[in-house]
Amino acid sequence: MSAGVQVPPTLDVKVAPVPHVLGDGTLVGVTAFPLTSSVYILAAAATCLHFLFNGGYGYFRDELYYAACGRRLAWGYVDHAPLAPFLAQLSRTLLGDSLFALRFLPALSAAAKVFLAGWIARELGGGKFAQFFAAFCVLIAPIYLTFDNFFSMNAFEPVFWMACAAIVLRIINGGSPLLWLLFGWIAGVGILNKHSMLFFGSGLAIGLLLTSARRHFAQIWIWLGAAIAFLFFLPNLFWEIRNHWPTLALFHAVIGAKYSTVAPYDYIWQQTLLTHPLAAPVWLAGLYFLLRDPHGKKYAVLAWAYFTVLAEMLILHGKIYYLAPAYVMLLAAGAVCIEKRLLTRAGYWLRPALVAPLALGAAIALPLAMPILPVEAAIKYCRFWDVQAIHVENVPQSELPQLFGDMFGWQEQVSSVAGVYQALLPAEQAQAAILTYNYGQAGAIDYFGPRYGLPSAISGHNQYGFWGPGRASGAVVVAIGFPEEALRARFDSVRAVTTISPRYAMPEESGLTIFVCRRPRQRLDEMWPGLRYLD
C-alpha cells in the first residue's frame, strides 16, 4: 500500500464540521441526515401517483419485450443490458402478470428519484426549502413521470446515476473514502441496467480530474471502486465479445435511420422539455451554482460530468432523453442556489411564487406524460399541444403520440393469431410456428399467448433474431406483420386469412394481415439469416 494512505475504521456519514446558517435559520453542514420530512412525503406521493395511473391504456411494446427476455435470462441481449429482464421476471414471479405488477418497481423508482433529489440538495448545503424544492421539481418533471409509469430500464437509470453522484458529494464533504467501494457496487449494477452508466462514469471521472477532487485518484479506494464496477460489468462484456459486439452493431444500424437525429442547437434547447420549460431556469441556476457560486464551486464535478455526457451525446447522436438522469442533480443544485441567492433576501413570500408556476406547468404536462385521460380526450389534448412535433424515432405516428400508441393493439393481435392457429388441423397445430415481424408482436404472443394455447413466437427482430427459430421446421407458419411478397419469396403456399386494425394502435401495428404459410422453399433455420434484422 502506498505511503500516506490511511484506512478509516468506519463508513463515516458525517460532513466535515463547517456548519453555517442559512437565511431561514436552518443549520447545515453538520450531518447529511436526516432529510426534511417533506422529502419523504413527496417521495411517497410520487409512488402513489403512479399506483393510481399506471394501469391506463395497456402494455407498452417494450414491456412485453423485456418480459420475453426475462423468460430467457442471460448476461446480455442485443439491445439492452441484462438487469431489466431480470427485474421483469422477478416482478412476474412475485406479483403476477398484471399491468400493475409489471409496473410496480418503476413506481418505486419514482420515490427513489425524489428522495435522491432531496439528499443531493442536502449534500450541496441546502436547507429545508432547497430539499423540498429539489424533490418537488423532480416529482413533477415530465420525463420522470413518463418513464416511471411503465416498465423499462429508463425508469431505473436515474437512480443509479444519482446514487453515484450523491456518494461523490458525500465523499467531497468529508465522508469516508471507503464509500468509493459502495460507489463501485452501485455503478456496476447500473451498467447492468443500462450501458449509459459508462457515460456518466466517464463524466464523473473527468469532473474529478478538472477539480480539486482529483486528489482522490491518489488513494486506493477510488481504484478499488472502479475495479468493483468493472467486475460487475465483466460477464456482460464477455457476452458482447463472444457474440461479436451485437449492441454496437445495433447502434450503428439505428443512428440516422430509426433514431431521429437533430442539430446540436435543437438537441440542447429540447433538453428544456424534459423537466418542463418552466423548470429549466432551476437547473440552469444549478449549473451556475456549481461553476460560479462560491458555495457551489466545491461541487463543480457534477457540472463537468453533465457537460461531458452532453458532449458525448452530441457526438454520438443520442436521443434527447439520454441526458434525463442528470437533471435530478442539476435541479437539486438549482434549488440550493435559489435558496441561498434569493430567499435570504426575499424571505418567505417568494416561496409560493416559485412553486405555483411549476405546479401549474405540471398540471398541463401530466396528461402528456401519463395516460390519465380517456383516449379520445388524450388525442385532442396531445393535438392541441402539437406533441408530434417532437419525436425520437423515425416511425409513422398515429393519433396518439408513440408513448401512448404503443400501448394499444397487442391483445387484439394475439387473439386474432390464436383464432387462425386454432383453425388449423390438430396435426398442423403440433408443428406450426408463429412468426412475427417485430419484437413487439413476438413479445405479445409470448405474454398473452399461453392463455390461448399458443406456442412461443419466433421473430428475426433484434434479440428474437438472435434466439433463432428453435426446433420449428417451417412446414406450417402463422405469420403476422409481413408483406405478402416477402412470404411468397420463401413459401410456395401463402394464404391470407384475416386483416386486423386495432383502434389507436401505431400505424405499423394496424392493417396487419395474418397469413398461413406452407411448403417452405428452405428449412426455417436455413432461411433464418434472411429474416434477421437489427432495428
Side-chain angles (χ1 to χ4, degrees), residues 61 64-65 68-69 72 77-79 243-244 246 249-250 253-254 257-258 395-396 409-410 412-446 449 452-502 505-535:
R61 176 192 301 268
L64 301 171
Y65 185 38
C69 291
R72 302 168 176 88
Y77 301 88
V78 169
D79 45 5
N243 293 286
H244 311 292
L250 173 71
V254 298
K258 179 180 179 181
V395 296
W410 306 114
E412 292 93 329
Q413 287 185 23
V414 177
S415 63
S416 297
V417 168
V420 174
Y421 174 83
Q422 291 163 358
L424 297 174
L425 296 174
E428 287 188 317
Q429 288 186 26
Q431 59 180 329
I434 298 178
L435 176 65
T436 74
Y437 182 72
N438 63 50
Y439 68 63
Q441 297 156 359
I445 294 292
D446 285 348
Y452 298 100
L454 296 179
S456 297
I458 59 174
S459 175
H461 190 197
N462 289 8
Q463 188 62 32
Y464 272 97
F466 182 86
W467 288 326
R471 298 180 180 179
S473 66
V476 180
V477 169
V478 177
I480 183 172
F482 290 87
E484 185 171 352
E485 58 271 20
L487 296 172
R488 291 198 178 278
R490 294 176 170 87
F491 297 87
D492 287 331
S493 173
V494 177
R495 181 172 64 91
V497 179
T498 187
T499 298
I500 61 171
S501 295
M506 294 290 288
E508 63 179 314
E509 304 302 338
S510 187
L512 300 180
T513 300
I514 303 173
F515 300 92
V516 175
C517 308
R518 299 179 176 88
R519 299 199 301 275
R521 298 178 181 179
Q522 294 176 294
R523 285 184 55 84
L524 202 53
D525 57 354
E526 294 172 341
M527 70 173 74
W528 199 251
L531 292 171
R532 289 186 65 177
Y533 71 102
L534 297 175
D535 179 37

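Position 1 is the first residue of the sequence, and the numbers go up from there. Remember, it's a predicted structure, so these values are computed and weren't measured experimentally.
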Query raised in the report: After noting the C-alpha distance and the side-chain angles of R521 and E526, does the key distance pass the salt bridge (charged side-chain N to carboxylate O under 4.0 Å, His left out) rule?
Result: CA-CA 10 Å; R521 298 178 181 179; E526 294 172 341; over 6 Å; no
Flag the pair [X] / [Y] as yes when at least one side-chain heavy-atom distance between them is below 4.5 Å, and no otherwise.
{"X": "P502", "Y": "E509", "result": "no"}
{"X": "L534", "Y": "N462", "result": "yes"}
{"X": "F491", "Y": "V476", "result": "no"}
{"X": "C69", "Y": "W467", "result": "yes"}

Least distance between heavy atoms, [X] atom then [Y] atom:
{"X": "A505", "Y": "G409", "result": "CB-CA, 4.2 Å"}
{"X": "Y421", "Y": "A432", "result": "CE1-CB, 4.0 Å"}
{"X": "I445", "Y": "P455", "result": "CG2-O, 3.8 Å"}
{"X": "R490", "Y": "A486", "result": "NH1-O, 3.1 Å"}
{"X": "I514", "Y": "V420", "result": "CG2-CG2, 3.8 Å"}
{"X": "T436", "Y": "S459", "result": "O-OG, 3.0 Å"}

Query raised in the report: Between Y437 and I480, is a side chain to side chain contact (heavy atoms under 4.5 Å, CB included) present by the stated rule, with each step listed?
Result: CA-CA 7 Å; Y437 182 72; I480 183 172; over 6 Å; no
Report task. For R72 and S456, run side chain to side chain contact (heavy atoms under 4.5 Å, CB included): C-alpha distance rounded to whole Å, both residues' side-chain angles, the deciding distance at 0.1 Å, then the answer. Result -> CA-CA 12 Å; R72 302 168 176 88; S456 297; 4.2 Å; yes
Using modelled atom types and a 3.5 Å cut-off, is there a donor and acceptor pairing between side-chain atoms of [X] and backbone atoms of [Y]?
{"X": "S510", "Y": "M506", "answer": "no"}
{"X": "Q429", "Y": "Q422", "answer": "yes"}
{"X": "D525", "Y": "P469", "answer": "no"}
{"X": "R532", "Y": "G465", "answer": "yes"}

**Report entry** Aromatic ring proximity Y439/Y65, centre distance under 6.0 Å
**Finding:**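 Close enough - the centres of the two rings lie under 6.0 Å apart.
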Query raised in the report: Roughly how far, to the nearest 0.5 Å, is OG of S493 from CZ of R488?
Result: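 So the gap between those two atoms works out to 7.5 Å.
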Report summary line: From the list V494, L487, L424, side-chain contact (heavy atoms from CB on, under 4.5 Å) partner of V516 resolves to L424
Query - Member of I458, V414, L454 meeting the side-chain contact (heavy atoms from CB on, under 4.5 Å) criterion with I434 - result: L454
Report task. Starting from the C-alpha separation in whole Å, work towards a yes-or-no answer on side chain to side chain contact (heavy atoms under 4.5 Å, CB included) for L435 and F482. Result -> CA-CA 9 Å; L435 176 65; F482 290 87; 3.6 Å; yes
Query raised in the report: Aromatic rings Y533 and H461: how do their planes relate, parallel, tilted or perpendicular, breaks at 30° and 60°?
Result: parallel
Query raised in the report: How far apart are the C-alpha atoms of Y77 and N243, what are their side-chain angles, what is the distance that settles it, and do they pass the side-chain hydrogen bond (donor to acceptor under 3.5 Å, both in side chains) test?
Result: CA-CA 10 Å; Y77 301 88; N243 293 286; over 6 Å; no
Query raised in the report: How about Q413 and Q441: does a side-chain donor come under 3.5 Å of a side-chain acceptor?
Result: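 No, Q441 and Q413 have no side-chain donor paired with an acceptor closer than 3.5 Å.
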Query raised in the report: What do the steps show when you test T513 against F515 for side chain to side chain contact (heavy atoms under 4.5 Å, CB included), and what is the final call?
Result: CA-CA 6 Å; T513 300; F515 300 92; 3.5 Å; yes
